[in-house]
Amino acid sequence: MASTGPGNGVSRGLRVRLIGEGDESRAAIKALVEGLGEPAAEIEIDGAAAAPDRAGSPDVVMVLLAANDASAIQALREQTALNPRPAVFALLDSRSPALMKRAMRAGADELLFVPLDNGETTRALLKVSEARLRISRREGGVVCSFASVTGGVGVTSLAANLGIALRRSGKRVALFDLDLQTGALGVTLGLEPEATILPLVRLDRKLDSIQLESAMTKHPSGLYLLSAPKRIEEGETVSDVTVATVIGVMRQLFDFVLIDCGDHVDENSVAAWEHSDHIFYVLQQSITSARCAWRFIDLFERLGLSSIQPHFILNRYRPAHPITDKQIEATLERELYARVPADDRSVERAEVTAKNLWEVAPASPLVHALDDVARRIAPADPESAAAENGLFARLKSALATRA
Ligand SMILES: Nc1ncnc2c1ncn2[C@@H]1O[C@H](COP(=O)(O)OP(=O)(O)O)[C@@H](O)[C@H]1O
Ligand SMILES: [Mg+2]
C-alpha cells in the first residue's frame with residue numbers, strides 16, 4: 001500500500017528550500033516569504049550546493065541565480081532532476097533575457113526577480129499550494145457530488161442507487177444529504193433516520209470519526225447516510241465550513257462519499273464541489289433541462305472550479321424521445337458521461353415493495369446502467385485485476401496443455 005508520509009500532509013505550510021550565495025539577499029528573501037502569511041511557508045537556507053534531503057522533501061526549491069553563475073545553473077538542473085520533484089523557482093538578479101532563457105532551459109518552473117515582489121511571490125507559491133491541495137483531495141475516499149438546477153430529474157435517486165451499486169461491489173459508502181430543505185435521500189432509501197447532521201453543526205470541538213458515525217444511519221445494504229435535519233429551518237444552521245469538515249472526516253472512513261446537492265446552488269453545494277473528485281450533473285430530455293445545464297456550466301466556470309470537469313448524466317433516457325441524446329450533447333457541446341434509462345415500472349415496484357432495484361429488477365437495463373456508472377467511478381483494483389488475469393492465464397495454459 002502506498003504510504004502517506006508526513007511530507008504529504010496539507011495541514012503544514014509549504015516547505016521551501018533556498019539555495020544560493022549572498023547572506024543579505026537570502027535573509028531578505030526568507031523574511032519576505034515567511035511574512036507572506038498566505039500561503040504559509042517556512043524557508044530553510046542552503047549553500048550553493050544542493051543539500052541532501054534532511055527534513056523531508058521540500059515543496060519548492062528557490063535557486064538564486066546571477067549572470068555567469070554556472071554552479072547555480074547546475075544546482076537548478078539537479079533540483080529539476082529530483083524524484084519527487086519539487087517546484088523549482090529561479091530567482092534572477094537581473095531581467096536579462098539570456099539569463100531567463102538559461103533558467104528556463106535548466107527546467108525552472110517559475111522565474112522571479114530579486115528583490116522579490118510580494119504579489120508575484122504569493123502567486124507563484126499559491127500555484128504550488130493549490131496543486132498540493134488538489135493531490136491531497138484525492139487521498140482517502142472518492143467524493144462524488146450529484147447536482148442539477150432543475151428539480152425532479154433524478155439527483156437523489158442516482159445518488160442513492162449508485163451508493164447501493166458501490167456497496168454491492170464491496171465498497172464502504174457514505175451518502176451525505178445536502179439537499180437540506182428537501183431531505184429526501186432518507187425517504188428514497190426507505191430509511192427514517194433518527195440521527196441527523198444537526199449535532200455536528202453545534203460542535204464546538206474538532207469533528208472526529210466517532211461523532212460522525214453517531215450522526216449517521218445504517219441502511220440494510222450496509223451503506224451509511226448522513227441525513228438532513230428534520231426541520232426545514234434547521235438546514236440554515238449548516239455552513240460551508242461544516243460541509244467541508246464533514247467531507248474531510250467522511251473520506252477518511254469511507255471508500256466513497258456521495259453527496260446529494262439538490263437542485264439549488266449555495267455556499268454549501270459549492271463547498272461540496274470544491275472537495276469533490278467527481279461532479280455529476282443530472283439532466284433529462286427536455287429543453288429546460290439542457291438550458292439549465294448551460295447555466296450551470298457557465299456558473300461553474302466563473303467559480304474557477306474548472307480543474308474538475310462536471311460529468312453529465314442523462315437520466316430517464318428514452319431513445320425514442322423527440323429530443324435525442326445527440327441533440328443534448330450538441331447543446332451542451334459536451335459528451336454525455338452516461339445514459340440511465342427510464343424505467344417507471346421497476347422504480348415503482350421498488351417503491352411499493354420497499355426493496356431496492358437489484359432485488360426487484362436485477363436484469364433490467366436500468367440496473368445495468370447504474371452498475372456501469374459504479375464500475376467507472378470504482379474501477380477494479382489493478383492489483384487484483386492483474387492477479388485475476390494471472391489466474392486466468394494459468395488456467396488457460398493448463399487447459400491448453402491438457403487438450
Ligand atoms: N431512471 C428513472 N426511471 C424512472 N423513474 C425515475 C428514474 N430516475 C428517477 N425517477 C423518479 O423520478 C422522480 C424524481 O426523482 P428524484 O431522484 O427525487 O429527483 P431529484 O432529486 O432530482 O428531485 C422520483 O419519483 C424517482 O423515483
Ligand atoms: Mg432530490
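One-based numbering, in listed order, for ligands and for the atoms of each. Just so it is clear, the model here is predicted, and its values are computed rather than measured.
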Original post:
Taking everything shown except E335 itself, do over 12 heavy atoms lie less than 6.0 Å from its CD?
Top reply: no

Subject >> Residue pair A66 / D93: nearest heavy atoms and the distance that separates them >> reply: CB-OD2, 3.4 Å

**OP:** For ring pair (Phe, Tyr, Trp, His ring centres under 6.0 Å), just list the numbers for F296 and W273, CA-CA rounded to whole Å, side-chain angles, deciding distance to a tenth of an Å, and then say yes or no.
**Re:** CA-CA 12 Å; F296 169 80; W273 301 344; 5.3 Å; yes

**OP:** Run the numbers on Y281 and F312 for ring pair (Phe, Tyr, Trp, His ring centres under 6.0 Å), then give the verdict.
**Re:** CA-CA 5 Å; Y281 186 93; F312 294 87; 5.7 Å; yes

**OP:** Everything protein-side that's N, O or S and under 2.8 Å from the Mg ion (ligand 2): list it, residue and atom.
**Re:** T156 OG1

**OP:** Assess whether salt bridge (Lys or Arg N to Asp or Glu O under 4.0 Å) is satisfied between D298 and R302, documenting all intermediate values.
**Re:** CA-CA 6 Å; D298 168 60; R302 279 185 291 122; 3.0 Å; yes

Original post:
With a cut-off of 6.0 Å (strictly less than), are more than 12 heavy atoms of other residues, nucleotides or ligands near CD of E348?
Top reply: no

Subject >> Heavy atoms from other residues, nucleotides or ligands near CD of E34 exceed 12 (cutoff 6.0 Å) >> reply: yes

Original post:
Name the one of I328, V149, N315, L283 that satisfies side-chain contact (heavy atoms from CB on, under 4.5 Å) with S289?
Top reply: L283

**OP:** Check whether more than 12 heavy atoms from other residues, nucleotides or ligands sit under 6.0 Å from atom CZ of R123, and answer yes or no.
**Re:** yes

**OP:** Give the protein residues with at least one non-hydrogen atom closer than 4.0 Å to an atom of ligand 1, ordered by chain and number.
**Re:** G151, G152, V153, G154, V155, T156, S157, N315, R316, P341, A342, D343, D344, V347, E351, L366

